[in-house]
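What follows is a set of notes on a single structure, which appears directly below.
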Amino acid sequence: RHQGLNLQTEIIRAGFEWDVTDAVSLSYLFGHVESEVYTQTNSTNDAINGRLPFQSFPGFLVFVGTPIGELNYNSHEVRLAYDNDGAFRGEIGGFHSNGIDKDFFNFGFFAPVLPGDDVMPLFPSSPGLFLISETVTETDVWAVFFAATYEFWSDRARLNFEGRYTSEEKDIGRGAQNDTFKYFTPRITAEWDITDSTLLYVSAARGVKAGGFNSPPSLFMGEPLVAGEEKYDPDKNWTYEAGVKSSLWDNRIQLTGAVFYIDWNELQINSRPTTPPALVGIIMPGDPVPGITSNLGDARVFGVELEGVASVTEQLTVNAGFSYANAEYEDGTISQRLLRLGGCDDIVCPIDGDIGGKELARTSPLQANVGAIWEDQFFNTDLGYYVRGDLTWQSRQWGSEVNSAKIPSRTLVNGIAALTHDNWEVQLWAKNIFNEKYVNNAFVVFTSASSYAPAIAPKRTFGVTFKAKF
């Protein structure tokens, strides 16, 4: 009866570019994306004996449908660019997108399958499944943007200034909730070629993720969400970075290094809603419910990134990378969901909800990767091939903002082999080649009987991909 992820996506892109003069060009880009997805999965740990005696509907299995939904978006972008090979170049443009996103959440209780039973897969419309959340979000985005670059010191130094002003209107439940989020996101970069093969740079950029609404209160099993959970605010950050890029050995080796600092405000997270008072005793702590987005608070991240690429021979290229990130919640950051819980003991979680100094959930402090690719042609023909292998490692993560559940470190190996031609390519790829069993995500649900929900990553996966250019 279990249905894995069924996803169908259609993407269309079309555009044109017109060289108005030798220095001025005008371009237009249209985009369309349409997608449908559904899944029905058994969320019960014991598929033979069902739920435990202290849970609601003991002995039954819980089948959950999420994600289920569809989306349909169109976008338009117009860009006017100027570049006369002089000291100044720049561009201005406008962007508009609009569309609708439908998201549903259902679940139902079913008896375990016995030997000899007829088994039919469950679909979102199957009898016995109950729709407990329906969210229809319409989004309309208008934006104007610009970019300007000025070169000086005999073209060995550059100043780049980019900016984008966005107005994003969100409507949920066809008028039940509506708001417009407006924000400006600049980026400033300074670059200096200290030698012909070494570049230094510094940058500062602001990022914003718009706020929004959670499920309309009337559709959460007929009960309103707890006050304060109906809406969430924009997620904002400033990122500062300084680095160096260098090439050696006649450009056969490229090395990059950077340090960065991120100042984060109103960090958005996915969480479980507080059970409405009218549903206490009906929805149990471990029962599936639709998730919500909420603002956790402020955070700061300091990190270092190193990367190197080397062309060992004409056919063989190797690469390696390493990163370290110290990501912590700011002093005084309060987890509102801990406060609403009201059951902390200052041992497992703080009574006042203060998580200042704790590490960010689901963030690995250390990450590393190595890879190699061999590329060549078959006997001097137009038919080529390449073989690539990659090993990635990341250190442990915490599953919650109180650092109470640990997601172990993992090491994965992926590979790909491909045949290439001028206008087509066939790839045979494999992910998680050594069939590593690991948790790729986990959530802690804080209730009067808190639960831990790990997500097991896919096992070894093989596939074939064909690409063609027309």
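Throughout, numbering of the chain's residues begins at 1 and tracks the sequence.
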Might you work through the side-chain contact (heavy atoms from CB on, under 4.5 Å) test for Thr166 and Val141, ending with a clear yes or no? CA-CA 7 Å; Thr166 303; Val141 179; 3.8 Å; yes

Salt bridge check, [Y] against [X]: does any charged N sit closer than 4.0 Å to a carboxylate O?
| X | Y | answer |
| --- | --- | --- |
| Arg396 | Glu359 | yes |
| Glu436 | Arg460 | no |
| Arg388 | Asp390 | yes |

When the ring planes of His76 and Phe30 are compared, do they come out parallel, tilted or perpendicular, using 30° and 60° as the limits? tilted

Check whether any side-chain heavy atom of [X] sits under 4.5 Å from a side-chain heavy atom of [Y], and report yes or no.
| X | Y | result |
| --- | --- | --- |
| Thr198 | Val244 | yes |
| Arg89 | Glu151 | yes |
| Phe378 | Leu419 | yes |
| Val402 | Ile355 | yes |
| Phe466 | Val464 | no |
| Arg410 | Trp393 | no |
| Leu199 | Ile194 | no |
| Glu10 | Val33 | no |

What residue among Phe146, Phe88, Phe145 forms ring pair (Phe, Tyr, Trp, His ring centres under 6.0 Å) with Phe161? Phe146

What distance do [X] atom [atom1] and [Y] atom [atom2] have between them, rounded to the nearest 0.5 Å?
| X | Y | atom1 | atom2 | result |
| --- | --- | --- | --- | --- |
| Leu71 | Thr137 | CG | OG1 | 11.0 Å |
| Lys358 | Trp398 | NZ | CH2 | 8.0 Å |
| Thr461 | Asn432 | OG1 | CG | 7.0 Å |
| Ile269 | Leu267 | CD1 | CG | 7.0 Å |
| Phe63 | Thr41 | CZ | OG1 | 8.5 Å |
| Cys349 | Asp354 | SG | CG | 12.5 Å |

Within 45° of the ring axis of Phe95 and under 6.0 Å from its six-membered ring centre, is that where the NZ or CZ of Arg79 lies? no

Please determine if Arg156 forms a cation-pi arrangement with Trp153, meaning its NZ or CZ atom is less than 6.0 Å from the six-membered ring centre and no more than 45° off the ring axis. no

Scan side-chain atoms only and decide if [X] and [Y] contain a donor-acceptor pair under the 3.5 Å cut-off.
| X | Y | result |
| --- | --- | --- |
| Asp140 | Trp142 | yes |
| Gln427 | Tyr386 | yes |
| Ser35 | Thr9 | yes |
| Glu401 | Ser335 | yes |
| Ser203 | Glu241 | no |
| Asn84 | Tyr82 | yes |

Check: [Y] main-chain N/O paired with [X] side-chain donor or acceptor under 3.5 Å:
| X | Y | result |
| --- | --- | --- |
| Asp101 | Asn72 | no |
| Thr333 | Asp298 | yes |
| Arg206 | Phe184 | yes |
| Gln268 | Asp233 | yes |
| Thr195 | Ser197 | yes |
| Asp263 | Asn237 | no |
| Ser311 | Thr313 | no |
| Ser323 | Glu305 | no |
| Thr381 | Leu383 | yes |
| Asn214 | Thr293 | yes |

Please name the pair of heavy atoms, one in [X] and one in [Y], separated by the smallest distance, quoted to 0.1 Å.
| X | Y | answer |
| --- | --- | --- |
| Arg13 | Leu29 | NH2-CD2, 3.6 Å |
| Leu360 | Glu328 | CD1-C, 3.5 Å |
| Glu266 | Pro234 | CB-O, 3.3 Å |
| Ala327 | Val301 | CB-CG2, 3.7 Å |
| Phe213 | Lys170 | CE1-O, 3.8 Å |
| Pro186 | Trp238 | CG-CH2, 3.8 Å |

For side-chain hydrogen bond (donor to acceptor under 3.5 Å, both in side chains), just list the numbers for Asn369 and Thr392, CA-CA rounded to whole Å, side-chain angles, deciding distance to a tenth of an Å, and then say yes or no. CA-CA 4 Å; Asn369 66 84; Thr392 61; over 6 Å; no

Is the number of heavy atoms from other residues, nucleotides or ligands under 6.0 Å of Trp424 CH2 greater than 12? yes

A quick test of your reading: do over 12 heavy atoms of other residues, nucleotides or ligands sit less than 6.0 Å from CG of Asp196? no

Pair Tyr329-Leu296, side-chain contact (heavy atoms from CB on, under 4.5 Å): steps then yes or no: CA-CA 9 Å; Tyr329 298 106; Leu296 182 56; 3.3 Å; yes

Report the C-alpha distance between Ser247 and Gln254 in whole Å, list the side-chain angles of each, state the deciding distance to 0.1 Å, and finish with yes or no for side-chain hydrogen bond (donor to acceptor under 3.5 Å, both in side chains). CA-CA 4 Å; Ser247 58; Gln254 287 83 43; 5.6 Å; no

Quick one: do Thr39 and Asn6 satisfy side-chain contact (heavy atoms from CB on, under 4.5 Å)? Show the steps, please. CA-CA 6 Å; Thr39 182; Asn6 291 269; 5.7 Å; no

Take Gln40 and Asn106 through the side-chain hydrogen bond (donor to acceptor under 3.5 Å, both in side chains) test and state the conclusion after the steps. CA-CA 9 Å; Gln40 293 289 162; Asn106 69 21; 3.1 Å; yes

Could you check Glu168, Lys236, Arg164 and say which one makes a side chain to side chain contact (heavy atoms under 4.5 Å, CB included) with Tyr183? Glu168

Go through Val304 and Phe260 one step at a time and tell me if the side-chain contact (heavy atoms from CB on, under 4.5 Å) criterion holds. CA-CA 6 Å; Val304 178; Phe260 62 88; 5.9 Å; no

